[in-house]
Protein chains: 2
Amino acid sequence: MSLTAITPANRSASKAKVVRGLLEGLLEGKWHGGDRFTESLGADAFGVSRTPVREALLDLQALGLVELRRNCGAIIHPFGEEDLREIYAVRSLLEVEATRLAASQIAAEEVESLIEAFEEIQSSGGTDLNWKFDQKLHLLIAECSGNRRLAAEIARYSTLVQTMREIVGARTHDIHSASADEHLEILRALRQRNPDTAAKAMRDHLRQASDSAIAAMLEIRNH
Amino acid sequence: MSLTAITPANRSASKAKVVRGLLEGLLEGKWHGGDRFTESLGADAFGVSRTPVREALLDLQALGLVELRRNCGAIIHPFGEEDLREIYAVRSLLEVEATRLAASQIAAEEVESLIEAFEEIQSSGGTDLNWKFDQKLHLLIAECSGNRRLAAEIARYSTLVQTMREIVGARTHDIHSASADEHLEILRALRQRNPDTAAKAMRDHLRQASDSAIAAMLEIRNH
DNA sequence: ACTTCCGTTATTGTATACAATCTGATTCGG
DNA sequence: CCGAATCAGATTGTATACAATAACGGAAGT
C-alpha cells in the first residue's frame with residue numbers, strides 16, 4: 001500500500017505555480033470585493049499559458065475559493081479569517097471521520113512504524129521533518145479509513161493546506177509547527193484502537209492547526 | 001441569494017458528456033481490474049478533443065473514481081456496491097453537517113416557499129419534478145449552512161449523483177424516486193429549527209437514497 | 001432621460017500542435 | 001539464459017489557434 005497513490009503528486013508544475021500564486025494573493029488579502037481574474041491575466045502574470053491557469057482555477061472553484069462564470073473570468077471572493085475557519089471546519093469534518101474509521105482497522109505495524117518515525121523526529125527536532133511527519137500521519141489515516149472517496153477529499157484539502165503552509169513558512173519565521181503532543185495523542189489512540197479517543201484527538205489537533213493558520217495569516221497581513 | 005451561484009452549471013457540454021460516458025461505463029461494470037484509459041482514447045470514443053476529456057478525468061480523480069498517472073493514462077478502479085456506498089457515506093457526512101448548520105439559521109420564508117413548492121409537486125405528482133425538488137432542497141440546505149467550502153463540496157457530489165440518476169433513469173423504468181415522506185420530515189425539522197432532528201432526517205433520507213442507488217445499479221447490471 | 005436593440009470586443013470552451021518524459025521492448029554483453 | 005543499456009513509441013503537460021458566446025457600450029427610438 002503506497003502512500004503516494006492518493007496524492008496528486010507534482011504532475012504539472014505550472015498549475016501548482018498558479019495555484020500557489022493565487023493562494024498567496026488570497027492570504028495577503030490582495031483581492032477585495034468581487035475582483036475579476038481572467039485566464040489570460042493569469043497566464044501573463046505567472047508566465048505560463050492559459051491551460052494551467054484554467055486547471056488551477058477549476059481546482060480553486062471546487063474548493064469554493066473563486067466563482068467561475070462563462071465569458072466573465074473568475075470572480076475572486078474576498079478571503080478572511082472566517083474563510084480559513086471554514087476550510088478547517090470541512091477538513092475537520094473529513095479527517096475526524098477518517099480517524100474514527102481508521103482507528104478500528106489500522107494495522108498495528110503501521111502505527112508502530114509511525115511511532116518510531118515520530119520518536120526519531122522528536123530527537124532530531126527539525127521543523128521541516130515535523131511537518132513531513134504531520135503530512136504522513138494524515139495521509140496514512142485517510143488511506144486506512146477504507147473509504148477511497150473520503151481519502152480523495154482529504155488529499156485535496158491536504159495539498160491546499162500544505163501549499164498555504166509553504167507560503168506562510170516562506171514569509172514568517174516559522175511561527176509555530178504542528179505540536180508533537182497532539183500527534184502523540186493521536187498515535188496513542190490509534191494504537192489502542194479507540195475510535196472515539198482518536199477522533200477527539202484529531203479534532204483537537206485540527207482546532208489548534210486552524211488557530212495557528214489564522215494567526216499566521218494575520219501575521220502576513222500586518223507586514 | 002441565487003441557487004445557481006454554486007452549481008458549476010452547464011459550462012462545457014463536452015466535459016459533461018465525457019463524465020457521463022465514463023460514469024455509464026462504471027455503473028455498467030464495463031471496466032475490470034486496472035484498465036487503462038488514455039486521453040486520446042476518450043477523445044476518440046466521445047468525439048471530442050483531448051481537452052474536455054482531460055478535465056473530466058481530473059474531476060473523476062478528485063472524486064476518487066480513477067487514478068491519474070503521468071504518461072500512463074487513467075487507471076480505472078473497478079466499481080461496485082461498496083464504492084456507491086462510500087460515495088453516499090461522504091455525501092452523508094457533508095450534507096448531515098450542512099443540515100445541522102442550516103437548521104439553526106435558515107430564514108423562515110425560505111422554508112415556507114419550499115414547503116409550498118413541495119405541496120404543489122405532491123398534487124401534480126411527476127417524478128421529474130420530484131427530483132428537481134430534491135435537488136433544490138439539498139442545494140438550499142448547502143447554501144444555508146453558511147460554509148461556502150462545505151457548499152462547494154456538496155455541489156460536487158450533487159452533480160455526480162444527479163448524473164448517475166439521469167443514467168439510471170434512461171435505462172430502467174424509474175425504479176423509485178426520492179420519497180416524499182423523507183422530504184417532509186426534513187422540511188418539518190427545518191421549520192422547527194431543530195438541528196438534531198433535521199440532521200437525523202437527512203441521514204435517514206440519504207441512507208434510503210444510497211440503498212435505492214445500489215438497487216438501480218444492480219438492476220442495470222442484470223440487463 | 002430612459003429603455004431597447006445592436007455591434008464590437010472580451011473571454012471562455014474546444015481543438016490542435018509541440019515538447020518533455022515515461023514505458024516497454026529489443027538488443028547487446030556477460 | 002539473464003540482466004542492463006538503449007531506442008522507439010506512447011502519453012501526458014503545455015502552448016497556441018480557432019470558434020462560440022456572453023458582456024459592454026453606444027446609438028436610436030420613444
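What you see is a predicted model; the values in this text were computed from it and never measured. Each chain gets a letter, A, B and so on, in the order the sequences are listed, and its residues count up from 1.
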Practice problem: Under 4.0 Å from any atom of DNA chain C, heavy atoms only: list the residues of residues 71-78 of chain B that qualify, in numerical order. | Solution: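 Output list: N71(B).
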Practice problem: Decide, yes or no, whether a salt bridge links E24(B) with R171(B) under the criterion of side-chain N to carboxylate O below 4.0 Å. | Solution: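 Looking at E24(B) and R171(B), the cut-off is met.
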Quiz prompt | Note: D59(B)-R156(B) ion pair, threshold 4.0 Å (strictly below) | solution =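 Result for this pair is no, no salt bridge flagged.
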Quiz item: Is there side-chain contact between I154(A) and I141(A), with at least one heavy-atom pair below 4.5 Å?
Solution: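 No - every pair of side-chain heavy atoms lies 4.5 Å or more apart.
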Quiz item: Would you say the side chain of H138(B) lies within less than 4.5 Å of the side chain of M202(B), judging by non-hydrogen atoms?
Solution: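 The answer is yes; the side chains approach within 4.5 Å.
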Practice problem: Please test D83(B) against R149(A) for side-chain contact (heavy atoms from CB on, under 4.5 Å), starting from the C-alpha separation and ending with a verdict. | Solution: CA-CA 8 Å; D83(B) 296 274; R149(A) 262 46 65 172; 2.5 Å; yes
Quiz item: Does CZ in R20(A) sit with more than 12 non-hydrogen atoms of other residues, nucleotides or ligands closer than 6.0 Å?
Solution: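 Yes, CZ of R20(A) has more than 12 neighbouring heavy atoms, counting only those of other groups under 6.0 Å.
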Quiz item: For T51(A), which contact category applies under a 4.0 Å heavy-atom criterion: base, sugar-phosphate, or nothing?
Solution: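 Counting heavy atoms under 4.0 Å across all strands, the contact made by T51(A) includes a base.
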Which whole-number value in Å describes the distance from [X] [atom1] to [N] [atom2]?
X      : N       : atom1 : atom2 : value
Q61(B) : dT12(D) : CD    : P     : 12 Å
L68(A) : dA23(D) : CG    : P     : 14 Å
R36(A) : dA23(D) : CZ    : C1'   : 8 Å

Quiz prompt | Nucleotide range of DNA chain C lying under 4.0 Å from chain B heavy atoms | solution =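 Listed 5' to 3', the contact boundaries are dT12(C) to dC22(C).
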Quiz item: Parallel, tilted or perpendicular: which fits the ring planes of F37(A) and F46(A), with parallel below 30° and perpendicular above 60°?
Solution: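 Aromatic pair F37(A)/F46(A) classed tilted.
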Self-check item: Parallel, tilted or perpendicular, as decided by the 30° and 60° cut-offs, for the rings of F118(B) and H183(B)
Solution: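 H183(B) vs F118(B) ring planes: perpendicular.
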Quiz item: Toward the 5' end of DNA chain D, which comes first, G47(A) or S40(B), by nearest nucleotide?
Solution: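 Closest to the 5' end, via its nearest nucleotide, is S40(B).
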Self-check item: Residue mapping more 5' on DNA chain D - nearest nucleotide basis, R69(A) or R69(B)
Solution: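 Closest to the 5' end, via its nearest nucleotide, is R69(B).
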Exercise. Establish, with yes or no, whether the OP1 or OP2 oxygen of dA20(D) is under 4.0 angstrom from a side-chain nitrogen or oxygen of R70(A).
Key: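 No, R70(A) has no side-chain N/O under 4.0 Å of OP1/OP2 on dA20(D).
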